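Notes to accompany the following structure.
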Amino acid sequence: MAALRTLNVDLGERSYPIHIGSGLLGQADLLAPFIGGQQVMVVSNETVVPLYMERLLPGLQGFQVQQVILPDGEKYKNLEVLDQIYSALLRHRFDRTCTLLALGGGVVGDMTGFAAASYQRGVDFIQVPTTLLSQVDSSVGGKTGVNHPLGKNMIGAFHQPQVVIADTDTLDTLPDRELSAGIAEVIKYGLINDLDFFTWLEQHIDGLMARDKGLLAEAIERSCADKAAIVAADEKEAGQRALLNLGHTFGHAIETGMGYGAWLHGEAVGAGMAMAARMSHELGWLSEADCDRIDAPLVKAGLPTRPPSGMTPQQFLELMSVDKKVQGGRLRLVLLKGIGGALISGDFPAQALRSTLDAFQQ
Ligand code: NAD
Ligand code: GLY
C-alpha cells in the first residue's frame, strides 16, 4: 500500500487534516475521531454509490448511518435538489450532533457542505472526494454552495470540513474527461504562485495523464499544500484567496453561458486560464512565449485553450459582470505577471478585456 500522506489546514480551532493515499476508504480510524455524535448521513450520487458505498461503510460501523443519493450532474447543483438532503435529515430525525459525509466529486461535496452549513444552523461534515478535481481543490477550504440560473456558485457559505480523506484508488474508475478536468485545477496552482510545481507538471504531464499513481498522489499533495497555505492565510477571501479563482471568471461565464454541465468545470477553467494568460499578454505582463508555455500542458491534458465558438464577447461581458469578485461595479480579474506570479487586478483598461475576447472570436 502506498504511504499515507497527511497535510493540515491551519485554521485555529477549525483546523483539519487532509489524508491522501491508497486504500483509505473504509478505514474507521481515519473517520471515527471526527464524528461527534451517532448519526451520519452519507450524501452521494447515483454514479458513485454503486462504485464506492460498500467500500466506505465499514469505516462507519457502530454509527447510525443513513444515505441520500442525489441525481448526478452539475445541472442538479441547485436549491431544489439540495432540499433532498434537508428532507432526508428531517425524515430520519437527525439532530444537531449529526455529521454529513460527502462521498463524490465537487458537486456532491459543495452541496453536502452547504447542507451541513445550514441544517439546524450548522452541523459537522466530512469530505471524501472521489474525483481528481475534488481531491486537489473543492474538498479543501470550506467553500460550499449551489448554482443559480443567473450565476455559478452564487448561493453558499464558508463551512470547513472536519477531515478530508482522498483515496487515490477512486481515480481508477474516473472517466478520462474528468481526469483532464482535474488536471486543469492542478495546473492552476503552478500558475498562481508555484513555478517549481509548474515546471514539475511540464515534466510529468504525460505520466499524470497515464494515471501513474505515484505522480497523481504527488500532484494531489502539492496542490492541497498550495491551497491549504492560501486558505490558512485568508479563509473568507478578503484578499489573496481570490487568486485561487485564476481562470474562473472566464470559466464561470462559460459554464453559465453554455448551460451547467455542457462544459465541465475543469474544462471551462482550462480555457479560462488560457484566456487570462492572453489578457495578461495584452497588458504587457506576460510574454508570448509564456502564453504558449501555459497552453502546452493544457493541450497535453486534452483541455480546451479557447472559449466555445458559440459565445460572443458581449455574452462574456454580461456573464462576467455578476462575478463574485466584482466590487462597486468594477470587475476584478486574476491575471499573471509571469508564470507563478498571479495577482488580482481591477486596474486594467476595459479595452484590454474587450480585445482579448475579440481575438478569441477570430
Ligand atoms: P462532479 O462532482 O460532477 O464529478 C464529475 C463526474 O464524475 C460526475 O459524473 C460524478 O458522478 C463522477 N464521479 C465521481 N467520482 C467518480 C469516480 N471515482 N469514478 C467514476 N466517476 C466518478 O465534478 P467535479 O469535477 O468533481 O467537481 C466540479 C464541481 O466542483 C463544480 O460544481 C465546481 O463549481 C465545484 N468546485 C468547488 C470548489 C470549492 O472550493 N468548493 C473548487 C473547485 C470546484
Ligand atoms: N476554488 C476556489 C477557492 O476555494 O477559493
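Just follow the structure's listing: the first ligand is 1, and inside any ligand the first atom is 1. Bear in mind that the values here come from a model prediction, so they are computed numbers and not experimental data. Reckoned from all heavy atoms, side chains included, excluding hydrogens, waters and symmetry mates.
Under a 4.0 Å criterion applied to the non-hydrogen atoms of Asp110, ligand 1 contributes the atoms 35 (C), 36 (N), 37 (C), 39 (C), 41 (N). For ligand 1 and Lys77, the ligand atoms under 4.0 Å from any heavy atom of the residue are 31 (C), 32 (O), 33 (C), 34 (O), 35 (C). Of all the atoms in ligand 1, the ones that sit under 4.0 Å from a non-hydrogen atom of Asn45 are 10 (C), 11 (O). Within the listing of ligand 2, atoms 1 (N), 3 (C), 4 (O) sit less than 4.0 angstrom from a heavy atom of Lys227. Below 4.0 Å from some heavy atom of Lys227 lie the following atoms of ligand 1, by number and element: 40 (O). Residue Val48 approaches ligand 1 through these ligand atoms, each under 4.0 Å from one of its heavy atoms: 11 (O), 13 (N), 14 (C), 15 (N). Of all atoms in ligand 1, numbered sequentially from 1 with element shown, those under 4.0 Å from a heavy atom of Gly106 are 2 (O), 24 (P), 26 (O), 27 (O), 29 (C), 30 (O). Residue contact check: Thr47 has heavy atoms under 4.0 Å from atoms 11 (O) of ligand 1. Each of the following atoms of ligand 2 lies closer than 4.0 Å to a heavy atom of Lys143: 2 (C), 3 (C), 4 (O), 5 (O). Interface atoms of ligand 2 facing Asp137, defined by a heavy-atom separation under 4.0 Å, are 1 (N). Short contacts between ligand 1 and Leu51, defined as distances under 4.0 Å to a heavy atom of the residue, involve ligand atoms 19 (N), 20 (C).
Between Lys227 and Asp234 there is no salt bridge, since none of the side-chain N atoms of the basic residue sits less than 4.0 Å from a carboxylate O of the acidic one. Looking at Asp226 and Lys188, no side-chain N of the basic residue comes within less than 4.0 Å of a carboxylate O on the acidic one, giving no salt bridge. With salt bridges taken as basic N to acidic carboxylate O contacts below 4.0 Å, one links Arg5 and Glu218. Asp172 has no carboxylate O lying under 4.0 Å from a charged side-chain N of Arg211, or vice versa, which leaves the two without a salt bridge. Using a 4.0 Å cut-off between charged side-chain N and carboxylate O, Arg55 and Asp167 make no salt bridge.
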For side-chain contact (heavy atoms from CB on, under 4.5 Å), just list the numbers for Leu336 and Leu246, CA-CA rounded to whole Å, side-chain angles, deciding distance to a tenth of an Å, and then say yes or no.
CA-CA 9 Å; Leu336 293 169; Leu246 175 64; 4.3 Å; yes
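In this structure, the protein non-hydrogen atom closest to atom 28 (C) of ligand 1 is Leu133 CD2, 3.8 Å. The nearest protein atom to atom 20 (C) of ligand 1, hydrogens excluded, is given as Thr173 O, 3.1 Å; this is a heavy-atom distance. Summary of contacts: the protein heavy atom closest to atom 3 (O) of ligand 1 is Val107 CG2, 3.4 Å. Closest to atom 34 (O) of ligand 1, if we only count protein heavy atoms, is Lys152 NZ, 2.8 Å. Given atom 22 (C) of ligand 1, the protein heavy atom at minimum distance is Leu174 CD1, 3.9 Å. At the shortest separation from atom 9 (O) of ligand 1 among protein heavy atoms lies Asp72 OD2, 2.7 Å. Nearest protein heavy-atom neighbour of atom 31 (C) of ligand 1: Glu74 OE1, 3.1 Å. Of all protein heavy atoms, the one closest to atom 4 (O) of ligand 1 is Thr131 CG2, 3.6 Å.
Contacts with ligand 1 closer than 4.0 Å are made by side-chain heavy atoms of His265 only, the backbone lying farther away. The residue Leu171 has no part lying near ligand 1, judged by heavy-atom distances below 4.0 Å.
Using the six-membered ring where Trp is involved, His252 and His265 have ring planes that are tilted, between 30° and 60° apart.
Here's the thing with Asn245: none of its N/O atoms is less than 3.5 angstrom from an N/O atom of ligand 2. No N or O atom of His248 sits closer than 3.5 Å to an N or O atom of ligand 2. Considering backbone and side-chain N/O atoms, Thr144 never comes within less than 3.5 Å of an N/O atom of ligand 1.
Side-chain contact annotation: Ser44 with Tyr52, donor-acceptor N/O pair under 3.5 Å absent. Ser15 and Asp10 form no side-chain donor-acceptor contact under 3.5 Å, judged by distance and modelled atom types alone. Checking Thr99 against Gln162 by side-chain atom types alone, no donor-acceptor pair falls below 3.5 Å.
Ligand 1 is never approached by Lys75 to a heavy-atom distance shorter than 4.0 Å. A heavy-atom separation below 4.0 Å is found between Glu185 and ligand 1.
Gln160 pairs in a side-chain hydrogen bond (donor to acceptor under 3.5 Å, both in side chains) with only one of the listed residues (Glu235, Lys143, Gln127, Arg14), which is Glu235.
Around NZ of Lys324, the count of heavy atoms belonging to other residues, nucleotides or ligands within 6.0 Å exceeds 12. Within 6.0 Å of the NZ atom in Lys75, the count of heavy atoms belonging to other residues, nucleotides or ligands does not exceed 12.
Side chains of Phe197 and Ser223 form a contact here, defined as non-hydrogen atoms less than 4.5 Å apart. Residues Asn245 and Ile344 form no side-chain contact, since every pair of their non-hydrogen atoms from C-beta on lies 4.5 Å or further apart. Counting heavy atoms from C-beta on, the side chains of Glu178 and Leu264 come closer than 4.5 Å.
Scanning Ser138, Gly105, Pro50 for the heavy atom closest to atom 39 (C) of ligand 1 points to Ser138. Comparing heavy-atom distances from atom 21 (N) of ligand 1 across Pro175, Gly113, Ala181 singles out Pro175 as nearest.
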